[in-house]
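Single-structure report; data block below.
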Amino acid sequence: MADFAAQLSKEIDTLEKTICRMAGTTFNLNSPRQLGQILFDVMKICEAPKKTKTGQYTTDEQTLAALAPDHEIVQRLLEHRTASKLKSTYADALPAAIWPRTGRVHTTYNQVMTTTGRLNSQNPNLQNIPIRSERGQEIRKAFVPRSSEYRLLSADYSQIELRIIAALSREPGLLEAFRTGVDVHTATAAKVYGVFLELVTPEMRRKAKMVNYGIAYGISAFGLSQRLGIPRKEAVEIIQQYFTQFPGIRKYMDDTMAFAREHGYVQTVTGRRRYIRDISSSNNTVRSAAERNAINAPIQGSAADMIKIAMINIHRELTGRKLKTRMLLQVHDELVFDLHTAEEKEVLPMVEEKMKTAITLDVPLV
DNA sequence: GTAATCACG
DNA sequence: ACGTACGTGATTACA
């Protein structure tokens, strides 16, 4: 990890020099305000720069990525951002968080912080360790089993929220997809675009996948168009087509909102409540946000209920059978264990079984 | 203390 | 015309 931090340091220094040379001035690259002024006031690389609600120039990744192809300085800035983030939040912070007494990092899980029933993790947060980028994965390599007798085991639910949507809505099309085991995003694409499964292109699947995620968030045409980088009109058509093909989902969403209006809360499969104060607000924006919360909370919250029950049952087995394997981390739909190698044949099936049977739904869990 | 940004599910 | 996907935490700048 120290090597990686040093490598990042070097890279950040070089990028800083290059960027300041291109800008013709030195400034604090970590200050979004200073950066916005350099790019948009001094260099004027954009006709009509977007601003945040406080009047500053927007310099987030999405904005910079759009400008990067035409401006090398912006490309370098994005590289600088990535390197700085990895160094400050992970490469420097994690070694500093090691407890002298144990030689390990220990996070704190809170059980009563989130609105949906998820756990959260802090000091340090071990639920947002990088994985998506190649260099982010360098950080993951620092996490190792306790000794050569152990291996790390990671077990995660496959598409848990979408399966919960299928079970709660009883939508036949979605249930069918999960029961037959076809790729659910491909199946969704086939329905939305009205083609055979074999004729679904990667592009169609990508869009259908975003729709499926969007459903769990209380989809909006604007949100979908932003995520997919498509015209809002196209997003409207995709969503309309989706609800035509999966009418049970629309009914479930309508019923959930009606329940929230009547009772003032929504609930998960175990009865965990989220109160939705603004569900009848006369302000469209406020009400719409409340409606999305009402849709999302039972889905995200039921998944949280499920994995918590699994954790309890797995812990009971590990202690009851006096196993050496230890449960280390929970990352929302994933459990990580320090697996004693000799216990593999016993622990793997047990973990899988407990995760699958934590809560019984009318949809297969994988 | 707040805003902006970005890491994760 | 407005302003929007859900849930989090850490870091940095800045008032």
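Throughout, protein chains are lettered first and strands after them, A, B, ... in sequence-line order, and every chain is numbered starting at 1. Side-chain atoms are counted along with the backbone in the values below, which use heavy atoms only and exclude waters and symmetry mates.
- Stem analysis of DNA chain C (at least three stacked-register Watson-Crick or G-U pairs, each with both distances under 3.5 Å) gives B:1-9 with C:6-14.
- With C1' as the reference atom, B:dC6 and C:dC2 are 27 Å apart, rounded to whole Å.
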Distance-only criterion, 3.5 Å: show the donor-acceptor pairs between side-chain atoms of residues 218-233 of chain A and protein atoms not counting sequence neighbours.
residue, atom, partner, partner atom, Å
A:Ser220, OG, A:Gly223, N, 2.9
A:Ser225, OG, A:Ala221, O, 3.3
A:Ser225, OG, A:Phe222, O, 2.7

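- Using a 4.0 Å heavy-atom criterion, one finds that A:Arg33 contacts the sugar-phosphate atoms exclusively.
- When heavy atoms are screened at a 4.0 angstrom cut-off, A:Asn293 is found touching the sugar-phosphate backbone but no base atom.
- Using a 4.0 Å heavy-atom criterion, one finds that A:Ser121 contacts the sugar-phosphate atoms exclusively.
- Rounded to a whole Å, the CG atom of A:Asp278 is 15 Å from the C1' atom of C:dT4.
- Using a 4.5 Å heavy-atom cutoff, the side chains of A:Gln7 and A:Phe4 are in contact.
- To the nearest angstrom, C1' of C:dT11 lies 15 Å from CD of A:Gln122.
- Among the atoms of the strands shown, only primed sugar atoms or phosphate atoms (P, OP1, OP2) are found under 4.0 Å from some heavy atom of A:Arg274.
- Defined by atom type and a distance below 3.5 Å, a donor-acceptor pair is present between the side-chain atoms of A:Thr325 and A:Glu343.
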Each nucleotide of nucleotides 3-9 of chain B classed B (base within 4.0 Å of a protein heavy atom), S (only sugar-phosphate) or -, in 5' to 3' order, makes SSSBBBB
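- When heavy atoms are screened at a 4.0 angstrom cut-off, A:Asn28 is found touching the sugar-phosphate backbone but no base atom.
- Atom CD1 in A:Ile295 sits about 16 Å away from atom C1' in C:dG7, given to the nearest Å.
- In this structure the side chain of A:Ile312 reaches within 4.5 angstrom of the side chain of A:Arg316, judged on heavy atoms.
- Listed nucleotides C:dC6, C:dT8, C:dT12 differ in distance to A:Arg292; the shortest reach to its side chain belongs to C:dC6.
- One can place NE2 of A:His80 at 12 Å from C1' of C:dT12, the figure rounded to the nearest angstrom.
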Less than 3.5 Å apart, which donor and acceptor atoms pair up between the side chains of residues 189-200 of chain A and the rest of the protein, not counting sequence neighbours?
none

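- Counting non-hydrogen atoms under 4.0 angstrom, A:Ala303 reaches nothing in the nucleic acid.
- Counted within 6.0 Å of CZ on A:Arg146, heavy atoms from surrounding residues, nucleotides or ligands total more than 12; the atom is thus considered enclosed.
- Summarising the local packing, OH of A:Tyr265 is surrounded by more than 12 heavy atoms from other residues, nucleotides or ligands at distances under 6.0 Å.
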Indicate every side-chain donor-acceptor pair of residues 62-69 of chain A with a distance under 3.5 Å to a residue at least two apart or in another chain.
residue, atom, partner, partner atom, Å
A:Thr63, OG1, A:Asp60, OD1, 2.7

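- In this structure the side chain of A:Leu94 reaches within 4.5 angstrom of the side chain of A:Leu126, judged on heavy atoms.
- The nearest whole Å value for the distance from the CZ atom in A:Arg232 to the P atom in C:dA5 is 12 Å.
- Nucleic acid contact for A:Gly218: none, since no nucleic acid atom lies under 4.0 Å from a heavy atom of the residue.
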Using a 3.5 Å cut-off and no angle test, enumerate the donor-acceptor pairs between side-chain atoms of residues 328-336 of chain A and protein atoms at least two apart in sequence or in another chain.
residue, atom, partner, partner atom, Å
A:Gln330, OE1, A:Gln127, NE2, 3.1
A:Gln330, OE1, A:His332, N, 2.9
A:Glu334, OE2, A:Ser154, OG, 2.7

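- A straight line from CG of A:Asn212 to C1' of C:dC6 spans 15 Å, rounded to a whole angstrom.
- Here the nucleotide nearest the side chain of A:Asn296, chosen from C:dC6, C:dA10, C:dC14, is C:dC6.
- Residue A:Ser288 places no side-chain N or O under 4.0 Å from the OP1 or OP2 atom of C:dG3.
- The side chain of A:Thr115 has C:dG7 as its nearest neighbour among C:dG3, C:dA10, C:dG7.
- The nearest pair of heavy atoms linking A:Met327 to A:Met311 is CE-O, 3.3 Å.
- As rounded to whole Å, 14 Å separates atom C1' of C:dT4 from atom CE of A:Met210.
- Look at the C1' atom in both B:dA7 and C:dG3: the space between them is 26 Å, to the nearest Å.
- One atom, CE of A:Met113, and another, P of C:dG7, lie 13 Å apart when rounded to the nearest Å.
- For the pair A:Gln226 and C:dG3, the criterion of a side-chain N or O lying under 4.0 Å from OP1 or OP2 is not met.
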